[in-house]
Protein chains: 2
Amino acid sequence: MAEKDICEIVYVHEDEVNKIKSKMLEDEFLFEVSDNFKVFGDSTRLKILYALSQKDLCVCDLAAVLDMSQSAISHQLRVLRSKNLVKFRKEGKMACYFLADEHVVAMIELGVEHTKEKL
Amino acid sequence: MAEKDICEIVYVHEDEVNKIKSKMLEDEFLFEVSDNFKVFGDSTRLKILYALSQKDLCVCDLAAVLDMSQSAISHQLRVLRSKNLVKFRKEGKMACYFLADEHVVAMIELGVEHTKEKL
DNA sequence: AAATCAATTGAACATGTATTCATATGATAA
DNA sequence: TTATCATATGAATACATGTTCAATTGATTT
């Protein structure tokens, strides 16, 4: 909640505020955007995505590459699937995961580039 | 920790795993990348950044635009400052915030585009 | 100087979320 | 069928994080 009672009405630059408010995107939409960013905001998921950008991999290989438990990887793959960032095909008893599309690669690359530049 | 003791050594595609491992970026670096994504992964911060992409704004105006307490905004601005995404100049008793550089805009736009495309 | 105001800060609280552990599922091999 | 293996899942735990509340700082105004 806001505390606009006294504060905002008095001193706020009302016209400016309204102008910006009208330019803002829908709350719901911006929430979705941030929610999409959030998926890349965990190092385990990012590592999974980066590894998959090199080659399609099954769960156990991903676990070996990241040196983490298969359960932890599986849980994160679930998140990545739910956000449509990865897909998988069944090969016998194994599940071979791969990136859903090039947008994912583009996103990773942008993140990597920006991080490199700032150091 | 991993549980490679029995599992990985036996069945994992060792050569493939090592190949990907060698292609992986430094753990520390990927952690940093995900940490950068994380900043965009909160809707309050994203809204602040989006609002600032329209116009430089003081804290109280940001609070009015987002309809949130000035304290909450201030806390998030602190995070954004620490990540060098925003800067500010003092104007009397007010603090006028603005985006640090065009990279921030580029990032927001990519997020917005990708989110739009997926619906 | 005293009062007021924008902004910051720290502590408390509530909520999210990543990992582990134990177990279940579903497929292959014996 | 039974045993084994890869993966998935649910519950529990531990930790991170966003917001609020109260108090403080630093600047302006009276």
Side-chain angles (χ1 to χ4, degrees), chain A residues 1-13 16-17 31 34-35 37-48 56-83 86-97, chain B residues 1-13 16-17 31 34-35 37-48 56-83 86-97:
Chain A
M1 286 292 123
E3 34 185 38
K4 50 170 72 165
D5 321 293
I6 306 105
C7 190
E8 297 182 9
I9 292 167
V10 177
Y11 68 74
V12 144
H13 312 106
E16 272 304 341
V17 167
F31 183 83
S34 66
D35 216 52
F37 275 120
K38 196 173 294 180
V39 190
F40 294 87
D42 174 80
S43 61
T44 299
R45 286 192 293 266
L46 191 68
K47 283 182 204 169
I48 291 175
D56 301 357
L57 291 166
C58 67
V59 181
C60 62
D61 282 355
L62 274 170
V65 169
L66 300 208
D67 196 28
M68 290 180 65
S69 77
Q70 164 250 79
S71 177
I73 300 294
S74 187
H75 276 295
Q76 293 303 346
L77 284 171
R78 193 179 192 294
V79 175
L80 293 171
R81 261 185 285 135
S82 77
K83 298 290 180 181
V86 302
K87 294 183 194 300
F88 73 102
R89 58 176 170 273
K90 275 284 198 176
E91 292 183 354
K93 41 188 169 181
M94 288 153 80
C96 194
Y97 279 82
Chain B
M1 288 293 123
E3 33 183 42
K4 50 171 69 164
D5 320 294
I6 306 103
C7 191
E8 297 182 8
I9 292 167
V10 177
Y11 68 75
V12 144
H13 312 106
E16 272 306 340
V17 167
F31 183 84
S34 66
D35 216 52
F37 275 120
K38 196 174 295 181
V39 191
F40 294 87
D42 174 80
S43 62
T44 299
R45 286 192 294 266
L46 191 69
K47 283 181 203 168
I48 291 175
D56 300 358
L57 291 167
C58 67
V59 180
C60 62
D61 281 356
L62 274 171
V65 169
L66 300 208
D67 197 29
M68 290 180 65
S69 77
Q70 166 247 73
S71 177
I73 301 294
S74 187
H75 276 295
Q76 294 302 347
L77 284 171
R78 194 180 192 297
V79 175
L80 294 171
R81 262 185 284 134
S82 77
K83 298 289 179 183
V86 302
K87 293 183 195 302
F88 73 103
R89 58 177 171 272
K90 275 284 196 175
E91 291 183 356
K93 40 188 171 183
M94 287 153 80
C96 194
Y97 280 81

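Just so it is clear: chains get the letters A, B, ... in the order the sequence lines come, proteins before strands, and each one is counted from 1.
Where A/Cys96 and B/Gly41 meet DNA chain D, the nucleotide closest to each residue was compared, and A/Cys96 sits on the side nearer the 5' end. Position along DNA chain C of the nearest nucleotide to A/Lys90 versus B/Lys90 favours B/Lys90 as the more 5'-ward residue. Position along DNA chain D of the nearest nucleotide to B/Val79 versus A/Leu77 favours A/Leu77 as the more 5'-ward residue.
Under 3.5 Å, the side chain of B/Gln70 and the base of C/dA6 form no donor-acceptor pair of N or O atoms. Residue side chain A/Ser71 reaches the base of C/dC21 through a donor-acceptor N/O pair under 3.5 Å, judged by distance alone. In the interface, the side chain of A/His75 is paired with the base of C/dT20 through a donor and an acceptor atom under 3.5 Å apart.
OP1 or OP2 of D/dT19 sits under 4.0 Å from a side-chain N or O of B/Gln76. At C/dA6, none of the side-chain N or O atoms of B/Ser74 fall inside 4.0 Å of OP1 or OP2 (strictly under the cut-off). Between A/Arg45 and the phosphate of C/dA18, there is a side-chain N or O to OP1/OP2 separation shorter than 4.0 Å. In this structure, B/Lys38 reaches the D/dT17 phosphate: one of its side-chain N or O atoms is under 4.0 Å from OP1 or OP2. At D/dT9, one or more side-chain N or O atoms of A/Arg78 fall inside 4.0 Å of OP1 or OP2 (strictly under the cut-off).
Atoms CD (B/Glu91) and C1' (D/dA27) sit 14 Å apart, rounded to a whole Å. Rounded to a whole Å, the CZ atom of A/Arg89 is 18 Å from the P atom of C/dA27. Distance A/Asp42 CG to D/dC15 C1': 13 Å, rounded to the nearest Å. Nucleotide D/dA16 holds its P atom 10 Å from the CZ atom of B/Phe31, rounded to whole Å. With rounding to whole Å, A/Arg81 atom CZ is found 5 Å from D/dA8 atom P. One can place CG of B/Leu62 at 13 Å from C1' of C/dA6, the figure rounded to the nearest angstrom. The distance from atom NE2 of A/His13 to atom C1' of C/dA6 is 11 Å, rounded to the nearest whole Å. Atom C1' of nucleotide C/dA6 and atom CE of B/Met68 are separated by 18 Å, given to the nearest angstrom.
Contact of the B/Leu57 side chain with the A/His13 side chain is not registered, since no non-hydrogen atoms from C-beta on lie closer than 4.5 Å. Residues A/Asp61 and A/Met94 are not in side-chain contact: their nearest non-hydrogen atoms beyond the backbone lie 4.5 Å or more apart. Between B/Ser34 and A/Lys47, the closest side-chain pair of non-hydrogen atoms is not below 4.5 Å.
Residue A/Ala72 is in base contact, counting any heavy-atom pair closer than 4.0 Å across all strands shown. Contacts of A/Tyr97 with the nucleic acid, taken as non-hydrogen atoms under 4.0 Å apart, involve only primed sugar atoms and P, OP1 or OP2.
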Could you pull out all donor-acceptor pairs under 3.5 Å where a side-chain atom in residues 73-82 of chain B meets a protein atom, sequence neighbours excluded?
from    : atom 1 : to      : atom 2 : distance (Å)
B/Gln76 : OE1    : B/Arg45 : NH1    : 2.9
B/Arg81 : NE     : B/Tyr97 : OH     : 3.2
B/Ser82 : OG     : B/Val79 : O      : 2.7

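Summarising the geometry, atom SG belonging to B/Cys58 is positioned 11.0 Å from atom CZ belonging to B/Arg89; distances are rounded to the nearest 0.5 Å.
Nearest heavy-atom pair across A/Phe37 and B/Leu46 is CE1-CD1, 4.3 Å.
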